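Below you'll find the structure, written out as structure tokens, and then a few comments.
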Amino acid sequence: MWHCTSCKSTCGADVPLPLETAEPYKRADLTPLHNPFPTTNRLNSQSLADQWFHTPSVKHTITVPATVVLGAQWGDEGKGKAIDQLAPQSTWAVRFQGGNNAGHTIVVGDTTLKLHQIPSGVTSRNCNLVLGDGMVIDPWVLDEELSRWEDLTGEKPEGERLFISERASVILPFHKYYDSADKVVGTTGRGIGPAYRDRIERVGIRFTDIEEVLSDSSIIEDTVLRMNKQLQTVGYDKEIQPSELSSQLQWILDRFGSAIKPTGLMVDLALRNGETVLLEGAQGALLDIDQGTYPFVTSSVVGRANATHGAGIHPGHITECFGITKAYCTRVGNGPFPSELSLEEGPGQHMAQVGHEFGTTTGRPRRTGWLDIIALKEAHRISGYSGLVVTKLDVLGGLDEIKICIGYELDGNPISHFPTRASDVERCIAVYETHPGFPALADEDWIDMAERSRKDGTGYDAMPGEVKNIVDRIEALSGIPVVSVGVGPDRRASIAKVGGPFDIVWDEATF
Ligand code: IMP
């Protein structure tokens with residue numbers, strides 16, 4: 001047994017090591033990790049499975065804290081910041097769906113970090129990172145992200161505290177070529193849909209399959225034949241060669257072999273050992289393949305129900321599920337958006353400019369609009385948020401009035417739900433309630449307000465009346481307790497509900 005001295009959440013716990021021979025992780029330049037798997041890159045899956053099999057399940061009386069963070073709109077809600085704040089409380093951060101169509105921006109001091117696949121929990125060095133079963137992963141993009149992280153911090157987490165699920169699917173260059181033919185949805189062009197399509201057709205390559213595929217030239221040839229036929233159908237004029245696919249797969253194995261693990265077993269074992277797990281959503285509720293504005297959606301289930309499934313653990317582990325919403329709305333790509341405003345003038349232009357509303361992944365300008373309570377309630381129906389984090393409230397500063405969409409009119413009839421057909425949502429006319437605006441403040445003033453709220457323990461009372469009024473209205477209209485309010489990009493620029501789950505002392509970022 002290794003007595004953990006570094007972990008805050010399970011302080012003083014004796015942590016069983018996966019193998020008798022395993023040593024606690026130690027490196028001169030890093031804080032020791034609370035990590036029962038630091039040496040698993042040298043173990044085969046069977047020894048890990050043995051350890052997992054012999055560890056008793058958690059009894060009903062023991063809390064099993066898995067927290068989920070989800071986008072409650074059309075993505076880009078500011079999930080990265082909430083995750084960055086919660087990560088120091090967690091020993092594992094798991095991405096469970098999507099791929100590098102996601103873009104998380106984390107700002108610490110002067111450093112802005114844009115992540116696409118690495119879980120945002122990376123900023124907390126005690127946090128193990130998992131790219132989970134439900135993901136589709138572009139290994140070349142991951143390589144770039146990891147290089148940027150190493151340049152910034154000197155750390156190489158892959159195989160040490162960053163693990164790739166054996167069950168996750170590989171995004172190959174083929175998938176990107178194929179995705180570039182999309183003219184309808186306005187995808188990010190990152191190959192996400194085609195990679196999931198291959199998975200559903202049961203012809204995709206998962207990370208666990210790479211070795212097998214490489215050892216059988218007939219699989220390589222069949223795969224290339226199929227890919228080339230598909231590329232022809234979308235007018236792509238080049239052909240992929242078998243040698244090209246083999247060398248791509250070999251590179252993945254050489255680069256990431258030590259990080260590819262049965263991560264579901266690892267996360268489950270961590271929970272049974274009393275550790276805390278953060279499940280990081282990507283995209284947003286209205287982009288869900290089943291529940292969103294189909295076909296203008298992404299290719300995965302983004303809600304709470306998939307958070308555990310895509311991480312390889314069961315839903316009973318979830319204790320908290322936070323929905324993240326901006327104080328207004330944005331959407332990238334095509335599809336209906338009932339509360340949309342013009343980007344050319346007025347409040348829509350203000351939101352785009354003040355909120356820097358450009359896609360993290362593609363750089364495309366985001367469409368902007370007023371906060372839509374109907375859409376938010378749809379998201380809550382699917383994922384059942386235990387708390388709502390309202391982000392970018394500061395962006396609304398300087399507007400004369402602030403509107404909130406509280407219903408729609410469809411073909412002359414008032415409705416209070418989101419129609420199923422995208423063409424019906426397209427015809428919905430938003431109905432608003434209007435509130436007085438509040439003055440614009442400088443970033444430093446918002447940070448001061450947030451710091452004051454923490455120092456004095458006043459929470460939302462630190463906000464001026466008109467600002468607090470918006471928060472109160474969002475809570476009353478959505479029926480979801482607002483647990484934290486973002487008032488700037490800096491990690492300090494958040495005001496937490498007193499006594500709520502975000503009313504915590506954050507650890508300093510590790511870089
Ligand atoms: P895909 O996920 O690349 O297939 O794109 C499908 C739709 O989802 C497009 O409208 C994208 O712009 C949108 N989308 C995908 N990922 C994100 C995201 O992380 N934030 C916002 N929109 C996204």
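Note that this is a predicted model, so its numbers are computed, not measured. Hydrogens, waters and symmetry mates play no part in the numbers below; they use all other heavy atoms, side chains included. Order of listing sets the numbers, starting from 1, for every ligand and every atom in it.
Remark: the backbone N or O of Asn306 is not paired with any side-chain donor or acceptor of Gln97 at under 3.5 angstrom. A donor-acceptor pair under 3.5 Å is formed between the side chain of Asp394 and the backbone N or O of Gly488.
For ligand 1, the 4.0 Å heavy-atom shell takes in Trp74, Gly75, Asp76, Asn101, Ala102, Val185, Gly186, Thr187, Thr188, Gln283, Leu287, Val297, Thr298, Val332, Gly333, Arg364, ordered by chain and residue number.
Between Trp251 and Trp140, the two ring planes are parallel [angle under 30°; tilted spans 30° to 60°]. Classified by interplanar angle (parallel below 30°, tilted 30° to 60°, perpendicular above 60°), the ring pair His314/His317 is parallel.
Atom CD of Glu344 has 12 or fewer neighbouring heavy atoms from other residues, nucleotides or ligands inside a 6.0 Å radius.
The existence of a salt bridge linking Arg226 and Glu201 is excluded, since no basic side-chain nitrogen approaches an acidic carboxylate oxygen closer than 4.0 Å.
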